[in-house]
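First the proteins, then the strands, lettered A, B, ... as listed; each starts at 1.
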There are 2 protein chains.
Amino acid sequence: MTSASDLASLAALLADETRAAMCLALLDGRAWTAGELAAHTRVAPSTATEHLHRLIDGGLLVERRQGRHRYVQLSGASVAQLIEDLAARVERRPTSPRGLRAVTANSALRRGRTCYDHLAGRLGVAVTDAMTRAGLLDQTGGFALTTAGLAWLTDTLGLSPEDVRTSKRPLARGCLDWTERQQHLAGLAGAKLCETFLGNGWVVRIGTSRAVKLTPNGKAALRDLLGLSDVK
Amino acid sequence: MTSASDLASLAALLADETRAAMCLALLDGRAWTAGELAAHTRVAPSTATEHLHRLIDGGLLVERRQGRHRYVQLSGASVAQLIEDLAARVERRPTSPRGLRAVTANSALRRGRTCYDHLAGRLGVAVTDAMTRAGLLDQTGGFALTTAGLAWLTDTLGLSPEDVRTSKRPLARGCLDWTERQQHLAGLAGAKLCETFLGNGWVVRIGTSRAVKLTPNGKAALRDLLGLSDVK
DNA sequence: GCAATCGTTCGGCAGCCGCCGAAAGGAAAC
DNA sequence: GTTTCCTTTCGGCGGCTGCCGAACGATTGC
């Protein structure tokens, strides 16, 4: 049988508050330096080093040495999804009603954010819903891109056919949004969509966090392309 | 932000080998008594009690007191999926090549098993593939039941329309098989399919484990219904 | 070459946590 | 009522682990 110790040691990687905070920070899909993570989690650099070792040994993170810096990031989309799944479970449970302070601190994240490499939050859900209403996405039972949706990505959004050629990674996948409790578009198509939105300046990152903001240009684009008028 | 401590405490529930073994055992979807789990994980009954408390408090398990017995089981399909996802990640990593002994001990489980409430293992993957070839299931990009597939469930397999009326639970969902590294059918349809197979005597449980065996009747049924001739 | 910065290694400390056995509570069997 | 069985509570032990500071190594900049 699947050795219980293997499962336990994987879970143990996330069972520490500092390591969990590191992984949540890395959910933005970017590479952080060891020092940045140490400061972010408020532990000594030496402590951060130990945690990063464990996370890398466990296969959750990959590293890239560059000069005197050590960059780490999530080792792949599947890891990001695992963490999101766990976080979704936590948020779904209506335990310990958060104080007002935490709620307002959350509001930017709730409005819009990136989830590893695709759009999430209210913005991500709104885009997904609009695509479904427009017949680009089929959510009955599963979560699949329609032929019209595929054409929309290439013809309207300007993606090249290679961009949306499905490889090992599924083209369209639902990702449960822990703030909205609804599915939003993930998978290869979700990543490319997010890439396009950022590249076109339709959304911009708020500071260095995962939170994103819709620009006036983005608002216009959503209205023209998807008939979305009242986002946010 | 999602509090890292919440994520950590959820992961901590599975970060202990004994608790992990309990959850893996409970993946069969059935209810176990506290004593059974204690014996299965080889710890003192008092130790098992503590673990069960934590798992129940954490919302992973639910309990049902019945006379002097205390039955526990996974609190729902979403918990089962979370555990399967974690287990899948463990198995995908080609670390520590298992010895021959463990491999043969695994063979029954690899051939066929239940995964919470649906079929998994080679059998589950074979059925899923056959359904896809027959046009009952659409795996391009997502994982959805076709209209033909829906009709097949009701007309050929004899399910009532209410059985496959999608509620909150998705009708068809892919579940990554950790032994076969392929998707198999989960979700409501997967559960009903498994129920039917067990009810018709097409598959039977091996002992009290999660492993299942295809009966001669089942073999014939698979050949007639799905054109599957060489299962196993 | 020297200084500054980033990361790592090493010891040591404190706290948590999983384990057990003994004793007690409760429900069923007789 | 008594016995038996399943489960729980409690105390205590041992080990693991996360934390830090100090010293060291490595890289960049001056």
Mind checking whether [X] and [Y] have side chains closer than 4.5 Å, heavy atoms only?
X         : Y         : value
Asp16(A)  : His51(A)  : yes
Phe197(B) : Leu222(B) : yes
Ile83(B)  : Leu7(A)   : yes

In 5'-to-3' order, the base (B), backbone-only (S) or no-contact (-) status of each nucleotide in nucleotides 21-30 of chain C, using a 4.0 angstrom heavy-atom cut-off, is B-----BS--
Counting just side-chain N and O atoms, does [X] come under 4.0 Å of either OP1 or OP2 of [N]?
X        : N       : answer
Arg42(B) : dG18(C) : no
Arg70(B) : dC6(D)  : no
Arg54(B) : dG18(C) : yes
Thr18(B) : dC19(C) : yes
Arg65(B) : dT8(D)  : yes

Using atom NE2 of His51(B) as one end and atom P of dC16(C) as the other, report the distance to the nearest whole Å.
18 Å
Point-to-point distance, once rounded to the nearest 0.5 Å, from CG of Leu24(B) to CG of Leu86(B):
9.5 Å
Donor-acceptor contact below 3.5 Å, side chain Ser75(A) vs main chain Leu60(A):
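Confirmed, Ser75(A) side chain pairs with Leu60(A) backbone.
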Angle of first-five versus last-five pair axes in the helix from dG1(C)-dC30(D) to dC30(C)-dG1(D), to 10 degrees
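Inter-axis angle at the ends, rounded: 30°.
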From the list Leu188(A), Leu198(A), Leu159(A), Leu185(A), side-chain contact (heavy atoms from CB on, under 4.5 Å) partner of Leu193(A) resolves to Leu185(A)
Residues Arg89(B) and Ser78(A): side-chain donor-acceptor under 3.5 angstrom
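Arg89(B) vs Ser78(A): donor-acceptor pair found between side chains.
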For Trp202(B) and Leu214(B), work out which heavy atoms get closest and say how close.
O-CD1, 3.5 Å
